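Single-structure report; data block below.
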Amino acid sequence: MAQLYKQLNPAISQYKDRRFCGTQQEFDECLRTSTTVYVGNLSFYTTEDQIFEVFSRVGDVKRIVMGLDKHKLTPCGFCFVVYYTREDTEDCVKYINGTMLDDRPIRVDFDWGFVEGRQFGRGRSGGQVRDEYRMDYDAGRGGYGSILQKEMEVRQQMMNSMAEEMSYGAMGGYVAHAEDGGHGGGDGGGDAPMRFDRGDSDDER
């Protein structure tokens with residue numbers, strides 16, 4: 001019943017913040033009266049001034065809180081916009097949700113209210129969780145998802161290491177000597193089988 005009521009009432013968000021300390025009824029009441037909106041799918045390069053310019057068109061903006069990577073303290077693709085009145089807040093969701101900002105559609109939704117700490121990303125890498133697992137390349141949000149980027153970095157390091165080892169061998173990093181340890185001298189050493197050892201075999205890491 002509560003879900004159906006939300007679907008019939010556009011003033012109530014479908015989102016549920018698991019970190020909200022309260023009941024579902026209290027959460028819904030906050031959404032019905034809040035003057036705060038959540039803005040998602042922003043480019044990492046979108047500025048606070050750009051956001052103010054767009055969101056002030058539907059009402060007086062009281063405050064903008066930029067979402068930050070909790071490790072780097074750099075923008076990570078979301079923000080909160082706080083208005084003075086509920087009417088302006090509803091107009092914001094009605095008219096700005098889905099519009100283009102920095103060549104990408106932004107998502108605007110009612111929020112239960114900003115509290116300190118919510119400006120930081122909740123992903124393990126510091127940004128948003130959605131950017132942890134993203135497999136597509138998004139230039140406006142740091143390229144590939146953080147997990148995929150780490151895998152690509154590891155593969156690149158392995159390839160670089162293999163290339164260095166191959167280059168080391170091509171440049172004479174291996175020395176040849178007789179099976180008995182001689183270097184061309186001694187009896188019968190001329191026909192002895194040869195083998196290759198690394199010149200730095202005492203410290204091969």
Side-chain angles (χ1 to χ4, degrees), residues 6-22 26-146 148-149:
K6 282 188 176 185
Q7 294 175 355
L8 296 176
N9 188 348
I12 298 182
S13 172
Q14 301 296 314
Y15 172 71
K16 176 65 170 71
D17 189 348
R18 290 178 295 178
R19 297 189 180 183
F20 177 80
C21 297
E26 291 171 336
F27 182 77
D28 292 343
E29 180 62 24
C30 286
L31 291 179
R32 279 191 289 267
T33 59
S34 174
T35 58
T36 301
V37 296
Y38 170 89
V39 185
N41 200 40
L42 291 172
S43 165
F44 289 179
Y45 307 102
T46 299
T47 66
E48 185 174 336
D49 289 340
Q50 287 176 280
I51 295 171
F52 180 83
E53 180 181 358
V54 173
F55 284 78
S56 61
R57 294 176 183 175
V58 297
D60 293 330
V61 174
K62 181 178 182 180
R63 183 185 183 189
I64 295 174
V65 182
M66 298 296 291
L68 302 175
D69 183 300
K70 62 185 174 185
H71 300 316
K72 302 176 182 177
L73 299 183
T74 54
C76 64
F78 73 98
C79 75
F80 298 94
V81 178
V82 184
Y83 287 95
Y84 285 95
T85 69
R86 175 67 184 186
E87 182 181 2
D88 289 344
T89 307
E90 294 181 359
D91 285 343
C92 174
V93 175
K94 182 178 180 180
Y95 295 114
I96 300 183
N97 181 41
T99 60
M100 303 295 288
L101 179 57
D102 270 348
D103 297 322
R104 59 191 304 123
I106 58 175
R107 185 171 61 257
V108 182
D109 197 5
F110 294 105
D111 188 81
W112 60 272
F114 174 77
V115 293
E116 190 62 32
R118 293 190 67 203
Q119 71 268 41
F120 299 116
R122 298 180 180 180
R124 293 182 180 180
S125 64
Q128 290 192 282
V129 175
R130 59 171 293 197
D131 289 316
E132 297 275 308
Y133 303 96
R134 182 166 43 77
M135 302 300 290
D136 62 311
Y137 184 87
D138 189 338
R141 295 182 69 91
Y144 291 106
S146 59
L148 181 57
Q149 282 192 31

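If you're wondering where the values come from, they're calculated on a predicted model, not measured in any experiment. Throughout, numbering of the chain's residues begins at 1 and tracks the sequence. These numbers come from the heavy atoms of this one structure, side chains and all, not from hydrogens, waters or symmetry mates.
- In this structure, the separation between OG on S43 and CG on L101 is 8.5 Å, given to the nearest 0.5 Å.
- Among residues two or more places apart in sequence or in another chain, the ring pair (Phe, Tyr, Trp, His ring centres under 6.0 Å) test is passed with F52 by none.
- Checked against salt bridge (Lys or Arg N to Asp or Glu O under 4.0 Å), D91 has no partners two or more places apart in sequence or in another chain.
- Residues satisfying the ring pair (Phe, Tyr, Trp, His ring centres under 6.0 Å) criterion with Y38, sequence neighbours excluded, are F78, F80.
- Residues R63 and F114 meet the side-chain proximity criterion, which asks for heavy atoms closer than 4.5 Å.
- A 4.5 Å side-chain heavy-atom check between D131 and C76 finds every atom pair outside the cut-off.
- Residues D102 and L42 have side chains not in contact (no heavy-atom distance under 4.5 Å, counting atoms from C-beta outward).
- Residues I51 and M66 have side chains in contact (heavy-atom distance under 4.5 Å, counting atoms from C-beta outward).
- Every residue meeting the side-chain contact (heavy atoms from CB on, under 4.5 Å) condition with K62, not counting sequence neighbours, appears here in chain and number order: V82, Y84.
- Nearest heavy-atom pair across Q119 and E116 is NE2-OE2, 2.6 Å.
- N97 contributes a side-chain N or O that, together with a main-chain N or O of V108, makes up a donor-acceptor pair within less than 3.5 Å.
- For the salt bridge (Lys or Arg N to Asp or Glu O under 4.0 Å) test, no residue two or more places apart in sequence or in another chain qualifies with E87.
- With a 4.5 Å cut-off on side-chain heavy atoms, D138 and R104 count as touching.
- A distance-only check finds a donor-acceptor pair linking the side chain of T33 to the backbone of E29 [under 3.5 Å].
- To the nearest 0.5 Å, atom OH of residue Y83 and atom OG of residue S56 are 7.5 Å apart.
- Under the 30°/60° scheme for interplanar angles, the aromatic rings of W112 and F20 are found to stand perpendicular.
- With rounding to the nearest 0.5 angstrom, the NZ atom of K70 is 9.5 Å from the CZ atom of R124.
- Side-chain atoms of S34 and F110, non-hydrogen and from C-beta on, never get closer than 4.5 Å to each other.
- Summarising the geometry, atom OG1 belonging to T74 is positioned 4.5 Å from atom CG belonging to D69; distances are rounded to the nearest 0.5 Å.
- C92 pairs with exactly one of I96, T89, D88 by the side-chain contact (heavy atoms from CB on, under 4.5 Å) rule, that one being I96.
- The salt bridge (Lys or Arg N to Asp or Glu O under 4.0 Å) search around R107 returns none, not counting sequence neighbours.
- Taking OG1 from T35 and CD from E90, the interatomic distance works out to 11.0 Å, rounded to the nearest 0.5 Å.
- For the atom pair R141 CZ and Q128 CD, the distance stands at 5.0 Å (nearest 0.5 Å).
- Q50 places no side-chain N or O within 3.5 Å of a backbone atom of E48 that could act as its donor or acceptor partner.
- I64 places none of its side-chain heavy atoms less than 4.5 Å from the side chain of F55.
- In plain terms, the two heavy atoms of G113 and D111 that are nearest each other are N-OD2, 2.9 Å.
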